[in-house]
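Encoded as structure tokens, the structure appears first; notes follow it.
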Amino acid sequence: MFNNDLKYAFSRINKTFMMSKVPNKGLVKILEMKSGDNNDLATARITFLTKRGEVEEGDISELKFSVGKLGYVNSQLSGEAMYISRAPVRLDYKQGLNTGQLTHIKPEKFQNLKPGWLETQHKAVSECLEGEYPKLGEVIEQVEEFNTQVAFSKCFAISRKYKLLYKEMVAGVLTSDDKVKLNNQFSFAEEELIKEVGNENFSR
Amino acid sequence: MKTFLAKTVADTLALAPKPGLFGVEVEVEGSAILPREINNSWVVTRDGSLRGEAYEYVFSRPLGKEDTVLEVKELYRQLNGKVTDSMRAGAHVHVNCLELTMRELFTFIAAYYCFEDLLTEDLGEERQGNLFCLRLSDADYSSAAIMQCLSDRNLTLRSGIFTNAGLRYAALNLVSLSKFGSLEFRAMKTPQTPEPLLDWIDLLGTMKEQSKLYANPSELLGAFSANGGTAVAEVLLGKHAARQIAKPNFERSLFEGIRAIQHWVFLNSWEK
């Protein structure tokens, strides 16, 4: 990774978010990088902020090169689920994630995120990347209780009006017996939806 | 009057048709002094993203398949083993799409995206998730933007994915369409010998031609369901298919590739 070039590596990951290979560690924010005994990348040590807000140290080898696939993020602040997409931005030259690369995708409009958004959503974005979502039943309870939109997978969410959303598009409904039902034109997503909710929560 | 999908890329983007199938850009970080001139087919430039003794060698004009092979071999003959292995240096292949209809263009794009993760595996570990060539599985903005363009029936409105040079660090760079009328495939790390690059060029040329066998992206994805991934891979990739089919993750990766694009493939009308 990074041609074993310490300075180059740091310039590409400093102050960005990278995924850890350590189980349950998730997304970490790189705060600092120090050369090791051999002054090479393999022995470099990094200081990072965890999704729980703790500052820790580790080896650079603990980082995954690829951050992974984004999708719905259940926001930490409002609870509102937003479909977040990374753009192949040229000018920031960063390997890790930062807010400038991210867009809230809506069918009618692509919306840039406010500076610092990723810092405020660290845990929520980590959960998205790790594929951690509430089950459909919990999602319905949250929609009822908080009158907000909540995701149950990277691609699917329930809107505050109890519509089934696929990447922010209305793809179906929540039936009166709390099952999800796809509109005909979204039948291509049936297999994916059943995988997420199980046959028992899917209505034909 | 021709509909949006029936127009050629050249007409849609008001570009003059150009002969030639490929454009090639080879970024090189050298282990020794590199040549500053090759021949009339190559332009030699500096590239700010490279380090040390480094140049970018770029075709001066698109070339046909046979001439492309000859020129890539000639470049490597003159580079004479001085190409270092660098994550910064890529070999980018432009495939001329000016003569394609928009329907054919989107079918070619869909075909590539289905196989993108599998193909990138062959191009080096550091190309998977690399900031210089993000795949759809790393950065799916391109897929959302294509959806928007198809909805608008216009390549240049709103999303910017076909026009904004700031968005060109995708493994499949769509921005080059508006500038050159080509799709730019950026996923390959500059190899130290010409053979991997020639193989990649051949594969992309094959995929472009073979994707025309499907009437539109919907028919292409339908063929995966009807005939299976192996059969479609054999059609689209020809002699290059066997290497992909043999991978243990072939079906799963292909399935993920299809899922990443199915919304814009199936939610759009491909009639006009």
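Note on naming: letters A, B, ... go to the chains in the order of the sequence lines (proteins, then strands), and numbering restarts at 1 for each one.
Note that CZ of A/Arg90 is 8.0 Å distant from OG of B/Ser49, once rounded to the nearest 0.5 Å. With values rounded to the nearest 0.5 angstrom, B/Leu131 atom CG is found 11.5 Å from A/Leu97 atom CG.
Other residues, nucleotides and ligands contribute more than 12 heavy atoms inside 6.0 Å of the CD atom of A/Glu132.
Contact of A/Lys167 with chain B is made through the side chain alone, with heavy-atom distances under 4.5 Å. Neither the backbone nor the side chain of A/Val67 has a heavy atom closer than 4.5 Å to any heavy atom of chain B. The parts of A/Tyr93 that come within reach of chain B are both its backbone and its side chain, each placing non-hydrogen atoms under 4.5 angstrom from that chain. With a 4.5 Å cut-off on non-hydrogen atoms, A/Glu168 does not touch chain B at all. Contact annotation for B/Leu134: only side-chain heavy atoms (C-beta onward) come within less than 4.5 Å of a heavy atom of chain A. For a residue to count as touching a neighbouring chain, one of its non-hydrogen atoms must lie under 4.5 Å from one of that chain's; by this rule B/Asn130 touches chain A with backbone and side chain alike. In this structure, the portion of B/Gln128 lying under 4.5 Å from any heavy atom of chain A is its backbone and not its side chain.
Because its NZ or CZ atom is not both nearer than 6.0 Å to the ring centre of A/Phe65 and within 45° of the ring axis, B/Arg127 does not count as a cation-pi partner of that residue.
The closest side-chain heavy-atom distance from B/His263 to A/Tyr166 is below 4.5 Å. Between B/Gln262 and A/Glu192, the closest side-chain pair of non-hydrogen atoms falls below 4.5 Å.
Between the side chain of A/Ser85 and the backbone N or O of B/Tyr141 there is at least one donor-acceptor pair closer than 3.5 Å.
Screening B/Phe266, B/Trp264, B/Phe224 for a ring pair (Phe, Tyr, Trp, His ring centres under 6.0 Å) involving A/Phe188 leaves a single residue, B/Phe266.
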